[in-house]
Amino acid sequence: MTVWFVPRDAAALSVGADAVATALEARGEHVVRTGSRGLLWLEPLVECADSRDGKRVGWGNVQVCDLEADGLSDTAENFLGVVEELDYLACQNRWIYERVGIIDPVDADDYLAHGGMVGLQRALELSPATVVQAVTESGLRGRGGAGFPTGIKWQTVAQQVPVPHKGDPIDAPCHKYICVNADEGDSGTFADRMLMEGDPFCLLEGMAIAAHAVGADRGMIYLRSEYPAAIAVMNEAIAKARDRGWLGRGILGSACDFDVSVRVGAGSYVCGEETAMLESLEGRRGTVRAKPPLPAIEGLFGTPTVINNVLTIASVPSILARGAEAYAALGQERSRGTQVFQLAGNIARGGIVEVAFGISAHELIFDLGQGTKSGRPLKAVQVGGPLGAYLPADKLQVPMAYETLAAQGAMLGHGGLVVFDDSVDMAEQARFAMEFCVEESCGKCTPCRIGAVRGVEVIDNLLASDAPENTEQLLRDLCDVMTQGSLCAMGGLTPQPVLSALDQFPEDFKRVAARVDAATQGAVHE
Amino acid sequence: MTDSPIKTSEQIAALKDLLTPIADREPGPVLLCLQAVQGHYGYVPEGAVAVVAEVCNVTRADVHGVFSYYSDLKKSPPPAISVRLCAAEACQAVGGRGLAAAWSEACAADPKLAAATGTDEPVFCLGNCALGPAALVNDQLIGRANVATLKSAVEAAQNVTEATR
Ligand SMILES: Cc1cc2nc3c(=O)[nH]c(=O)nc-3n(C[C@H](O)[C@H](O)[C@H](O)COP(=O)(O)O)c2cc1C
Ligand code: SF4
Ligand code: FES
């Protein structure tokens with residue numbers, strides 16, 4: 001019997017995957033729901049196993065009407081052939097995403113059949129210190145934005161003794177926590193979501209490895225409320241993992257006790273900042289805490305806490321399973337292993353590209369992404385979320401790695417690339433960056449709370465001004481204050497998109513002045 | 001002012017029954033309790049803050065501080081169908097601003113649509129940034145959204161609401 005694979009990923013559902021699955025089932029077909037392969041412009045991408053060699057062949061942009069007449073055939077216009085041989089996938093090197101789009105995300109047997117739990121089993125055979133060492137040797141750095149070496153963070157937590165929650169009596173139970181940052185607030189990023197919806201057990205396995213490595217007994221996933229599908233999948237996976245003994249007392253028969261729960265965010269971007277996340281997890285206003293103390297020493301409820309991004313933690317099972325050395329062999333300089341890039345915005349072929357560090361933005365956008373969706377010339381690419389710099393079209397040769405981007409005054413952030421065509425007004429984008437900061441500032445420090453409000457005003461003045469030079473200097477000074485004086489990267493990096501827009505696209509900031517000029521000249525002539 | 005469903009002692013007792021298990025089980029329960037209140041009533045009605053404060057053993061000011069901080073937590077009942085358009089960069093790059101304007105126009109032209117969907121605040125990124133403009137209609141994510149697809153999503157949501165009634 002033919003088995004059909006239809007994604008249940010929210011992006012696929014957003015363009016009609018459910019209707020296709022229902023229609024197939026109504027015809028008596030056997031349908032397995034999977035995550036998405038990450039070839040998002042082809043969603044809904046429906047696959048079936050070829051009866052000859054078992055390889056999965058696919059059809060892109062499937063609509064219910066495609067199923068009529070003789071259904072999906074290999075002569076259909078949207079037939080793609082063998083999915084894993086498509087150029088977009090064939091050039092990838094998937095470690096984190098190795099199972100996403102292939103397995104049923106909430107089928108524990110499917111997970112095992114595709115190499116799941118090998119990493120945790122191996123980790124439990126090793127001493128905690130050896131696991132930390134493997135993570136250190138892999139060169140893995142945090143994928144949430146700051147790029148802090150993961151092994152060092154884990155080492156710090158491993159060295160602490162567990163303590164009771166702050167405020168509890170000293171004989172209360174002692175804890176250490178693994179907190180996964182699944183707040184994924186950066187626009188242009190969706191890799192955390194797709195991993196959680198496509199392979200939730202991988203995240204849980206990574207958390208369990210972290211727990212063994214640092215001696216933690218509790219895990220929390222701080223998941224943003226904007227992702228209802230991911231919340232449901234994670235909760236289902238947690239329940240199944242408990243049934244299997246992958247979580248709970250004595251995981252996989254070891255001495256390690258570890259359980260996980262999901263906490264849902266409440267619509268605040270800054271709660272992705274790790275100390276604001278801790279405040280929110282503790283039920284308070286999500287304002288940023290001054291450091292020290294480091295969360296590794298005094299984190300959630302005052303206990304030693306590992307805080308890592310979803311992709312950081314989800315990298316760990318395959319590092320353990322395939323070896324730290326093989327991981328570290330990928331990439332360049334101090335950017336080792338693979339990065340999950342997300343191609344977004346005005347791009348013909350948007351989606352997930354997991355490859356070794358070092359690929360250029362140009363290759364990602366033009367070779368894989370095939371340029372803008374609109375077909376118009378590319379004007380700018382925002383790399384690394386709303387706090388990331390805008391790169392102009394002639395600066396895209398930069399290799400995508402922590403060091404090379406930093407040298408360009410840009411940052412990798414969470415790995416998102418948002419493409420804009422030439423219809424974008426960069427002054428409007430700069431203004432939006434300030435507006436976003438007004439909206440999302442936690443309010444703890446003045447340069448950010450007040451600075452962003454002034455930033456919007458100054459940009460408005462700049463655009464309306466017929467002597468823009470003075471106002472531009474004011475904007476630069478303000479950006480300087482925000483960069484130097486903000487407590488966290490929210491206020492500290494908001495100038496990055498603003499100044500990159502101003503530096504790379506100065507003409508966009510003079511358009512209004514130019515128009516005023518033209519208008520007044522017109523008035524004089526009349 | 002809306003008529004609060006938390007006034008009589010029975011109503012207060014019922015809310016306490018909902019919240020006490022959370023406060024007993026979970027450390028740092030204030031936000032969780034407020035989310036549970038909103039999950040139950042669709043918003044955080046007047047009077048709920050005092051109950052949450054009592055159940056969690058913190059001051060009303062503390063609870064109010066949390067309540068007012070998070071944009072998800074609402075003071076008044078939500079519209080029957082919530083329509084949230086993504087206002088972030090990747091969707092701006094594919095006409096998100098234009099869609100927002102066209103959607104307000106469509107609502108202005110159709111009082112029934114406006115009444116059903118209310119004026120929801122925009123949202124910054126729905127994680128569908130390769131298939132923008134994105135929108136969330138109740139819990140249904142919409143990709144490559146336009147006014148027509150939004151309208152049919154609203155209709156579908158209305159049918160679901162009616163069917164469950
Ligand atoms: C304003 C702001 C928002 C952030 N949002 C996120 C986020 O959504 N997800 C994330 O993993 N890290 C986010 N971070 C980074 C975290 O503070 C932290 O560095 C990270 O979660 C650590 O995990 P990692 O070492 O695995 O990257 C944000 C930082 C700032 C300043
Ligand atoms: S920079 Fe902004 S978000 Fe960060 S602590 Fe200061 S006010 Fe809060
Ligand atoms: S920017 Fe709109 S969904 Fe991400």
Side-chain angles (χ1 to χ4, degrees), chain A residues 10-11 13-15 40-41 43 165 184-190 192-194 224-230 263-269 271 280-287 301 342-347 349-351 373-374 382 385-386 416 418-421 424 428-429 432 436 439-440 442, chain B residues 22-23 25-35 38-39 52 56 58 62-74 84 86-97 121-132 134-145 149 153:
Chain A
L13 300 187
S14 83
V15 287
L40 291 171
W41 78 98
E43 293 294 357
H165 285 176
E184 196 164 62
D186 286 3
S187 65
T189 68
F190 41 85
D192 293 348
R193 180 185 65 68
M194 289 184 57
R224 66 198 296 251
S225 62
E226 292 83 354
Y227 287 177
R263 286 244 183 147
V264 178
S268 157
Y269 174 75
C271 284
S280 187
L281 281 168
E282 293 181 13
R284 288 195 289 273
R285 294 164 70 90
T287 51
F301 302 114
Q342 298 129 81
L343 307 186
N346 198 328
I347 187 149
R349 305 203 304 178
K373 179 166 191 289
S374 62
Q382 189 176 29
V418 176
V419 176
F420 292 81
D421 72 11
V424 66
E428 196 172 12
Q429 296 311 116
F432 175 77
F436 183 71
E439 203 61 48
E440 298 297 334
C442 84
Chain B
I22 300 172
R25 188 180 63 230
E26 301 286 346
V30 174
L31 177 56
L32 281 174
C33 285
L34 286 167
Q35 287 171 319
Q38 177 144 313
V52 172
C56 297
V58 295
D62 283 335
V63 179
H64 186 77
V66 177
F67 173 42
S68 58
Y69 184 81
Y70 292 99
S71 62
D72 275 5
L73 298 172
K74 304 291 180 205
R84 305 183 74 192
C86 174
E89 289 91 338
C91 290
Q92 294 168 356
V94 286
R97 290 188 179 99
E121 311 86 87
V123 54
F124 295 114
C125 192
L126 293 164
N128 200 20
C129 330
L131 293 175
L136 200 58
V137 177
N138 283 352
D139 265 2
Q140 172 67 54
L141 184 63
I142 316 287
R144 296 194 180 117
T149 54

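Values reported hereafter were calculated over all heavy atoms of this structure, with side chains retained and with hydrogens, waters and symmetry mates removed. Below, read A as the first sequence line, B as the second, and so on, with proteins coming before strands; counting in each chain starts at 1.
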| task | Mind ranking A:Glu184, A:Gln429, A:His165, A:Glu43 by heavy-atom pairs under 4.5 Å with chain B and telling me who comes out on top? | result | A:Gln429

| message | If you count heavy-atom pairs within less than 4.5 Å of chain B, which of A:Gly350, A:Gly385, A:Gly283 leads? | response | A:Gly283

| query | Between A:Arg224 and B:Gly127, which heavy-atom pair has the shortest distance, and what is it? | reply | NH1-N, 4.4 Å

| query | Under a 4.5 Å heavy-atom cutoff, which of A:Cys271, A:Ser374, A:Gly267 has the most pairs with chain B? | reply | A:Gly267

| query | Does the ring centre of B:Phe124 sit less than 6.0 Å away from the ring centre of A:Tyr269? | reply | no

| Leading residue by heavy atom contact count with chain A [cutoff under 4.5 Å; candidates B:Val63, B:Val94, B:Val58] | B:Val94

| note | Scored by heavy-atom pairs under 4.5 Å with chain B, the best of A:Pro386, A:Ala229, A:Gly351 is A:Pro386

| message | If I measure from the heavy atoms of chain B, does A:Asp421 come under 4.5 Å with its side chain, its backbone, both, or neither? | response | neither

| remark: All heavy atoms of A:Leu40 vs all of B:Ala130, minimum pair found to be CD1-CB, 3.7 Å

| request: Run the salt-bridge test on B:Arg84 and A:Glu226 with the 4.0 Å N-O cut-off and return the result as yes or no. | output: no

| said: Let's test your reading of the structure: which of B:Val30, B:Leu136, B:Leu126 forms the most heavy-atom pairs below 4.5 Å with chain A? | reply: B:Leu126

| message | Can you tell me how far apart CG (B:Asn128) and CG (A:Leu13) are? Round to the nearest 0.5 Å. | response | 10.0 Å

| query | Taking B:Gln35 for the side chain and A:Gly265 for the main chain, is one N or O donor matched with an acceptor at less than 3.5 Å? | reply | yes

| note | One option among A:Phe190, A:Tyr227, A:Trp41 has the most heavy-atom pairs under 4.5 Å with chain B, and it is A:Phe190

| Heavy-atom closest contact (A:Ser14 atom, B:Leu131 atom, distance) | OG-CD1, 4.2 Å

| note | In terms of heavy-atom contacts, B:Ala93 and A:Asn346 come closest through O-ND2, 3.2 Å

| note | Cut-off 4.5 Å, heavy atoms of chain B, and the answer for A:Gln342 is neither

| query | Can you tell which of A:Ser187, A:Ala266, A:Pro228 has the highest number of heavy-atom pairs within less than 4.5 Å of chain B? | reply | A:Ala266

| query | Among B:Gly132, B:Gly96, B:Ser71, who wins on heavy-atom pairs under 4.5 Å with chain A? | reply | B:Ser71

| query | Is B:Tyr70 reaching over with its side chain to a backbone N or O of A:Gly286, donor-acceptor style, under 3.5 angstrom? | reply | yes

| Non-hydrogen atoms of A:Gly188 and B:Cys125 that approach each other most closely | N-SG, 4.1 Å

| note | For B:Ser68 and A:Arg285, the nearest pair of non-hydrogen atoms, with its separation, is OG-NH1, 3.7 Å

| field | Proximity breakdown for A:Arg263 and chain B, heavy-atom pairs closer than 4.5 Å | value | side chain

| Structural part of B:Leu32 lying under 4.5 Å from a heavy atom of chain A | side chain

| field | Heavy-atom proximity to chain A below 4.5 Å, by part of B:Ala87 | value | backbone

| task | Under 4.5 Å, counting heavy-atom pairs only, tell me which of B:Gln92, B:Gln38, B:Glu26, B:Arg144 racks up the most with chain A. | result | B:Gln92

| said: Taking A:Val418's backbone N and O only, do any of them form a donor-acceptor pair with B:Glu89's side chain (distance below 3.5 Å, no angle check)? | reply: no

| Close side-chain approach of A:Cys442 and B:Tyr69, heavy atoms under 4.5 Å | yes

| task | Any chance you could lay out the side-chain contact (heavy atoms from CB on, under 4.5 Å) test for B:Leu31 and A:Ser280, step after step, and finish with the verdict? | result | CA-CA 8 Å; B:Leu31 177 56; A:Ser280 187; 3.5 Å; yes

